[in-house]
There are 2 protein chains.
Amino acid sequence: MGTRLALRIQERYEELTPSEQKLAQFLLDRPDEILASSATELARFTGVSKATAARLFRNLGYNDFNDVRLQAREERNRTGPVQQIPMPQAAVDETVTVPTHLQVESANLTRTFEELRPDVLNAAAEQIAGAGRVWVAGLGIENGIARYLRILLTRVRPGVHMISENAATWPEELASTGPNDALIIIAVRPWTKQISTVLTFARTTRLKTIVITDPTNTGKARRKEATVLNCHVSTPWSELTQTSVLSMAQLLAATVANRIGGRAKARRDLIADLAEEIESGDI
Amino acid sequence: MGTRLALRIQERYEELTPSEQKLAQFLLDRPDEILASSATELARFTGVSKATAARLFRNLGYNDFNDVRLQAREERNRTGPVQQIPMPQAAVDETVTVPTHLQVESANLTRTFEELRPDVLNAAAEQIAGAGRVWVAGLGIENGIARYLRILLTRVRPGVHMISENAATWPEELASTGPNDALIIIAVRPWTKQISTVLTFARTTRLKTIVITDPTNTGKARRKEATVLNCHVSTPWSELTQTSVLSMAQLLAATVANRIGGRAKARRDLIADLAEEIESGDI
DNA sequence: CATTTTCTGAAACAAGAGTTTCATAGACAT
DNA sequence: ATGTCTATGAAACTCTTGTTTCAGAAAATG
């Protein structure tokens, strides 16, 4: 699980002002920076004023920036010398080298899965394994990953459907869901209103909901009583990387397969056989 | 390999005064403390005065305590050689645990990008950046990732198209390509005949072709004179993981963006603005 | 033992960090 | 438009940090 500071940010993220969010974002992405940097530097890194920084920490419930630093330090000591992979700084020219890329990806993967609580993962897998039907949704750039996850799950159990990318038709599609179904939403930042709407709907219809998202949205999703799988997606550049999201999908599907057990394996083998037959029969 | 600070201390240790040694000792024992603590605190921890601390750093050849801190920070960011991560063995019961999953993913990522030659990556990026139009293809489970890559590239340059998932219509679609176009195929094992067919076609029409694939197919693809980006995808189980494939897509898109330079950034910003407008205008 | 040299922390000082105040720009409703 | 409310950075301020000075303690030397 993340630091106490990260938890507080996740809880209050939406109530923060835009520039406070910018800074909060940075702190979620690079928690170790708090130990090494002064508040002034943190403000400069994120392009906000010192005043905004001071306000943020107060709004998060601390008396002081010093409180924040002390807490962070105490937590570091409790966890012991963390052997985590540091996220590289942005190069001035924004050029991505292969080693930097590797390091960024490793850092995100490591943080994602070291923070992931097995019981949360298992709860999510249980919901998917036990559901009548499973619905997978992913808007925009996440759509590709959602499709990938859908195929993985289809290999393991029947009744897995995509919700169309056209948000306008979601009401119709969701109308046919029942309380025994499960809904998986892939939604990293930026968070759209549609997602909130769907989550609210899901809660009222008691649809079991699993949200795969990034730390800035965990709080929002959790408040809608969804099971949240948290993925780190930040890079030193302005772009995000969805690698850990895909990896999470992979792990989720594997865990569901484990839950289901023998029948999942049988289904997988059947599909593999079919694929082979088609391949050899087709030109 | 120790830090540069540690090396300097070791060199001059005997020449230091007793209270300086006390402090120096502490710094050798807990090198990370420098990042987190002020000089005053370091002095207090070791029971010496602030003045002594200031003198120590000067005696070690630094101008300033700030110099020391900056150097330490820089060293933290520039992390040493990446350690080789071993691929775990299959557990008997085939159960995937979170730590195992992380290790598998790290191992694949590391191998993929440590083997990746920057000149090959750059050649691929160059072809995509310079092409008239870009076509992206991915069959079956790779389709999701292909879509993801398409969106990434679309953010960076115009004229990026998906080739439909229905292989039967490929002849028609490919017929409209020209020798100035580029074709990106995502195809990990199992390799289908369709892919061979397309690659042959691409070679005869002098279509620049980039194949993202796994080591079992590299040879086949290379023989068709395609630029090959090799991804490690194996797991201790029977399933594959496409995480490194997605990561490769990410890196490829970033590299293309770098190639294109300013215009890519302008386009990205434009798209981000549009997205924001749509989001706020909707509902 | 006296004298010189070295070491050390207290205190003065300078620089920088963090907080608070305040004026203004922007959003939103009327 | 007009007024109201919120968000924000500049600047004034207060407090902490780091450096330097200095005087006394400790050690070394004759």
Side-chain angles (χ1 to χ4, degrees), chain A residues 5 8-9 12-27 30-74 190-191 193 216, chain B residues 5 8-9 12-27 30 32-74 273 276-283:
Chain A
L5 171 66
R8 286 203 205 185
I9 293 179
R12 309 217 53 232
Y13 191 73
E14 305 91 79
E15 281 98 79
L16 300 177
T17 69
S19 14
E20 286 175 335
Q21 288 189 357
K22 252 204 297 192
L23 180 50
Q25 182 67 67
F26 182 80
L27 295 178
R30 312 186 42 186
D32 47 328
E33 209 61 37
I34 283 210
L35 287 165
S37 307
S38 65
T40 306
E41 287 172 309
L42 296 175
R44 200 171 42 233
F45 289 156
T46 50
V48 304
S49 67
K50 299 200 290 173
T52 302
R55 274 191 293 262
L56 169 64
F57 296 118
R58 170 146 309 214
N59 285 341
L60 289 173
Y62 297 92
N63 290 320
D64 230 30
F65 176 65
N66 211 35
D67 270 22
V68 181
R69 199 184 348 233
L70 289 179
Q71 197 188 67
R73 196 180 295 179
E74 184 212 317
W191 188 265
K193 284 184 199 138
T216 51
Chain B
L5 170 65
R8 286 202 204 184
I9 292 178
R12 312 215 53 230
Y13 191 75
E14 294 77 46
E15 283 98 79
L16 299 176
T17 71
S19 19
E20 286 175 336
Q21 287 189 356
K22 253 203 298 189
L23 180 49
Q25 185 62 64
F26 181 80
L27 294 178
R30 312 188 36 187
D32 49 328
E33 210 63 37
I34 283 209
L35 286 165
S37 307
S38 66
T40 306
E41 287 171 311
L42 295 176
R44 202 172 41 234
F45 290 155
T46 50
V48 304
S49 68
K50 299 198 292 173
T52 303
R55 275 190 293 263
L56 169 64
F57 296 118
R58 169 147 307 213
N59 286 341
L60 289 173
Y62 297 93
N63 289 321
D64 233 29
F65 176 65
N66 210 36
D67 270 21
V68 182
R69 204 195 335 244
L70 288 179
Q71 196 189 67
R73 198 181 294 183
E74 184 210 319
D273 287 352
E276 205 172 318
E277 246 173 74
I278 291 173
E279 162 69 5
S280 58
D282 231 6
I283 302 268

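Below, chain A is the first sequence line, B the second, and so on; all start at residue 1. Just so we're clear, the structure is a prediction, and the values are computed from it rather than from any experiment.
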(message) Please give me every residue in residues 61-71 of chain A whose heavy atoms get under 4.0 Å of an atom in DNA chain C, ordered by residue number.
(response) Asp64(A), Phe65(A), Arg69(A)
(request) Taking ring-ring contact (aromatic ring centres under 6.0 Å, His included) as the test, write out the residues that go with Tyr62(B), two or more places apart. (result) none
(request) Using side-chain hydrogen bond (donor to acceptor under 3.5 Å, both in side chains) as the criterion, list what pairs up with Asn59(B), not counting sequence neighbours. (result) Glu20(B)
(message) Holding to salt bridge (charged side-chain N to carboxylate O under 4.0 Å, His left out), I want the full list of residues that pass it with Glu33(B), two or more places apart in sequence or in another chain.
(response) Arg76(A), Arg30(B)
(message) Run the side chain to side chain contact (heavy atoms under 4.5 Å, CB included) test against Glu14(A) and tell me which residues pass, sequence neighbours left out.
(response) Lys220(A), Arg223(A)
(message) From CG of Leu16(A) over to P of dT6(D), roughly how many Å is that when rounded to an integer?
(response) 16 Å
(request) Provide the full list of salt bridge (charged side-chain N to carboxylate O under 4.0 Å, His left out) pairs with a residue in residues 36-54 of chain A, sequence neighbours left out, each pair given once. (result) Glu41(A)-Arg73(B)
(message) The criterion is side chain to side chain contact (heavy atoms under 4.5 Å, CB included); which residues satisfy it with Ala72(A), sequence neighbours excluded?
(response) Ile34(A), Leu35(A)
If you restrict it to nitrogen or oxygen atoms, what contacts under 3.5 Å exist between nucleotides 8-14 of chain D and the protein, and what is each distance?
| residue | atom | partner | partner atom | Å |
| --- | --- | --- | --- | --- |
| dT8(D) | OP1 | Ser19(A) | N | 3.1 |
| dT8(D) | OP1 | Ser19(A) | OG | 2.5 |
| dT8(D) | OP2 | Thr17(A) | OG1 | 2.4 |
| dT8(D) | OP2 | Ser19(A) | OG | 2.8 |
| dT8(D) | O5' | Ser19(A) | OG | 2.9 |
| dG9(D) | OP2 | Ser49(A) | N | 3.3 |
| dG9(D) | OP2 | Ser49(A) | OG | 3.1 |
| dG9(D) | OP2 | Thr52(A) | OG1 | 2.7 |
| dG9(D) | N7 | Arg55(A) | NH2 | 3.3 |
| dG9(D) | O6 | Arg55(A) | NH1 | 3.3 |

(request) Would you please name every residue forming a salt bridge (charged side-chain N to carboxylate O under 4.0 Å, His left out) with Arg58(A), sequence neighbours left out? (result) none
(message) Going by the rule side chain to side chain contact (heavy atoms under 4.5 Å, CB included), which residues pair with Ala51(A) if we only count those two or more places apart in sequence or in a different chain?
(response) Ser49(A), Arg55(A)
(message) Test of understanding: with ring-ring contact (aromatic ring centres under 6.0 Å, His included), list the residues that count as partners of Tyr13(A), not counting sequence neighbours.
(response) none
(message) Tell me the interatomic distance from Glu15(A), atom CD, to dA7(D), atom P, rounded to whole angstroms.
(response) 11 Å
(message) Using a 4.0 Å cut-off to any heavy atom of chain A, which nucleotides of DNA chain C are the first and last in contact, reading 5' to 3'?
(response) dA17(C) to dT20(C)
(message) Using every non-hydrogen atom in the two residues, find where Leu56(A) and Ala24(A) come nearest and quote the distance to one decimal.
(response) CD2-N, 4.1 Å
